[in-house]
Amino acid sequence: MDDGEVTNISDDHVKVHFRMDIDEDGWPPASVESLWAVDLGDGTVRLDNTPWFVRGIASGDVIKVELDGDGVFWAGETVRPSQNCTIRLIVLKDDGSAAARQSVLEVFHRRGTTGEGIERYRMVALDVPP
């Protein structure tokens, strides 16, 4: 689904699920988003993924998690924010084409920011360091 940068995932990574409320306009387009994180082994994880839809979190944040009976990690409160910032942009140029999304990513990459594009929503999610 992403057509941007791919994160290398190692054995200490787990998927963490975030519940989201869908508004009257149907946004976000899902009630759960799953993000990669490093299991810190103490009931917390460090996010290692830029969120598409979950608000108020960023890559590097340490999040409290609960493991349910099916072995699924569910996100709780943020224990330690990373000071990174997640910014999402809807790319209007060329109706959000792959080339247009890539040009946005390249402009921000030159400024020390990483990110990914997603075709379905003509969107770019950026992970901005402090």
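If you read the sequence from its start, that first residue is 1, and numbering goes on from there.
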- Between N49 and E116, the two heavy atoms sitting closest are ND2-OE2, 4.0 Å
- Note on the structure: Here the gap from H17 atom NE2 to L35 atom CG, rounded to the nearest 0.5 Å, amounts to 9.5 Å
- Message: Please check if the number of heavy atoms outside E106 that lie under 6.0 Å from its CD is greater than 12.
- Response: yes
- Please check if the side chain of T86 supplies one atom and the backbone of I57 the other of a donor-acceptor pair under 3.5 Å. yes
- Message: Checking M20 against R55 for the side chain to side chain contact (heavy atoms under 4.5 Å, CB included) test, could you report, in this order, the C-alpha distance in whole Å, the side-chain angles of both residues, the deciding distance, and whether it holds?
- Response: CA-CA 9 Å; M20 300 178 293; R55 297 178 114 11; over 6 Å; no
- Would a 4.5 Å heavy-atom cut-off, applied to side chains only, mark R46 and R80 as touching? no
- Query: Mind checking whether P29 and Y121 have side chains closer than 4.5 Å, heavy atoms only?
  - Reply: yes
- Are V38 and V79 joined in one hydrophobic group, where the rule is that I, L, V, M, F, W and Y side chains link up if heavy atoms are under 4.5 Å apart? yes
- Hey, are the side chains of V45 and W36 touching, using non-hydrogen atoms and a 4.5 Å cut-off? no
- Task: Keeping the roles fixed (side chain from Q83, backbone from P130), state whether a donor-acceptor pair exists under 3.5 Å.
- Result: no
- Task: Please check if the side chain of R88 supplies one atom and the backbone of W52 the other of a donor-acceptor pair under 3.5 Å.
- Result: yes
- Task: Please answer whether the main-chain N or O of I90 pairs with a side-chain N or O of R122 as donor and acceptor at a distance below 3.5 Å.
- Result: no
- Note on the structure: Between M123 and W27 the two heavy atoms that sit nearest each other are SD-CZ2, 4.5 Å
- Can you establish whether the number of heavy atoms outside K93 located under 6.0 Å from its atom NZ is more than 12? no
- Message: Applying the side-chain contact (heavy atoms from CB on, under 4.5 Å) criterion to F73, which one of D39, I63, D68 satisfies it?
- Response: D39
- Query: Can you name the nearest heavy-atom pair linking G60 to S82, along with the distance?
  - Reply: C-CB, 3.3 Å
- Query: Would you say the side chain of F108 lies within less than 4.5 Å of the side chain of L89, judging by non-hydrogen atoms?
  - Reply: yes
